[in-house]
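One structure is given here, and the rest of the page talks about it.
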2 protein chains.
Amino acid sequence: MSTIRDDCGKASRLQKDPGGAISRRIRIERESRGWSLSDLAEQSGVSKAMISKIERAEASPTATVLGRLSGAFGLPLSVLLALAEREEECLSLHDAQPLWADPETGYTRRAVSPPGAKVELIEVFLPAGVRIPYPAAAFAFQHQQIWVISGALDFTEGSTLHQLQEGDCLMLGPPADCVFSNPHNAAARYLVALTRR
Amino acid sequence: MSTIRDDCGKASRLQKDPGGAISRRIRIERESRGWSLSDLAEQSGVSKAMISKIERAEASPTATVLGRLSGAFGLPLSVLLALAEREEECLSLHDAQPLWADPETGYTRRAVSPPGAKVELIEVFLPAGVRIPYPAAAFAFQHQQIWVISGALDFTEGSTLHQLQEGDCLMLGPPADCVFSNPHNAAARYLVALTRR
DNA sequence: CGCAATCGTCTCTTATAGTGGACATTATCA
DNA sequence: TGATAATGTCCACTATAAGAGACGATTGCG
């Protein structure tokens, strides 16, 4: 059992660099107003070279320039930052998604949904020939569906076998012992959607 | 008629540097937790030398270090900034208070209260021998009091003369022609408290 | 087509944010 | 009272944010 992206010890108190979210937010505010870099530079008094770097997250703006930029947008600085944070907690970027991989089999689970979402989406990669059993006791969900993105999947729910093909979607019934298995010679990719209890 | 602190032209869109408010806020958050500079430095990963500069507004922190500091406080960055802004709009620093001075007489009015306050406090400096008449039409207040801070003041309300000494406080009645005058040989300093209509 | 205008990025330089360590000052205690 | 530890500031140095202008790419227009 290993977790990805775990902060160790003291670092756990450290907040992750807000640079990415801020840079995206600033670009959104600028483009949604139809402004070019030069326009915003003139309005804010910040050089367009600097704004370009900030939007591409190549520089971390100082409080001073953040104040000038938010002023140009007509927003209080705290609101600009709040918008950035909101986006951050609603948008889960692919490279930031928690990932768990079994080095033995190549089985891979990726938590696609941002934390706190009501419906959790999990992308699973199941290599050819791999078999993953799930005891009924592991089910802490209210509702669960499986949708095959590519390849094919044999899914055993209790005593019934479902042979799922690409594009098929199965809604699970009450908790039962389950087995995900891929007896074919091509890898399978599927999505699990679930609501936690 | 002249106004102090008027931004000219394009600069009117520029927001004033949030550095002062941020620096005060950070010091408050740190001290209210009983943390030393070293403590916060350890918690946040920002050098204590830098924190010292930030708190004394000698440096404008980057988004990166602001993120680390707010993380150490356990606050979202936007909340930290919102607290700073709130303080900014509730606290009116002496040197930032709008001031009007009559170059001829030396009569001086200073708006002490932050903008938006329900009760407006005005500090007045009335040099010796100066006389300032106020027509009743100029009254757009619901309520008004005059408190003499130092020196003495002859205040005429309609036809009645009030000879106010240091420490005296007068509540005004319905609108009437008024005169502030200082017939003594020492300057007078008094406070006017009023609620706008 | 070609010219001009506009856009975002890149390069170079300067200003300053950020760090580690020394320092003066002030509590704390033997 | 002297030793020790803690606190905040100052200093020298490094990393990087910020500015001025050049550059290639794209667009629009005659």
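Letters go in sequence order (proteins before strands), and every chain restarts at 1.
- Atom NZ in K48(B) sits roughly 10 Å away from atom P in dT9(D) (whole-Å rounding).
- A49(B) comes within 4.0 angstrom of a base, heavy atoms only.
- Across all strands, S36(A) comes closer than 4.0 Å only to sugar-phosphate atoms, never to a base (heavy-atom distances).
- Between R56(B) atom CZ and dT7(D) atom P the separation is 17 Å, expressed in whole Å.
- S23(A) and R27(A) share no donor-acceptor pair across their side chains, judged by distance under 3.5 Å alone.
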Intermediate values then yes/no, ring-ring contact (aromatic ring centres under 6.0 Å, His included), Y190(A) and F180(A): CA-CA 11 Å; Y190(A) 58 92; F180(A) 294 83; 5.3 Å; yes
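- Within 4.0 Å of T62(A), counting heavy atoms only, lie sugar-phosphate atoms of the nucleic acid but no base atom.
- Closest to the side chain of A59(B), from the set dG8(D), dT9(C), dA17(C), is dA17(C).
- Note: CD1 (I51(A)) to P (dG8(C)) measures 10 Å, nearest angstrom.
- The nearest heavy atom of DNA chain D to D39(B) and to E58(B) marks one nucleotide each, and the one closer to the 5' end goes with D39(B).
- Checked against dA17(C), dT9(C), dA17(D), the side chain of M50(B) finds its nearest nucleotide in dA17(C).
- Comparing atom distances between the L37(A) side chain and each of dA17(D), dT19(C), dG8(C) picks out dG8(C) as nearest.
- You'll find a donor-acceptor pair under 3.5 Å spanning the side chain of K53(B) and the base of dG18(C), going by distance alone.
- Judged by distance alone, the side chains of E85(A) and S78(B) do bring a donor and an acceptor atom under 3.5 Å apart.
- Nearest-nucleotide positions on DNA chain D for S38(B) and S47(A) put S38(B) closer to the 5' end.
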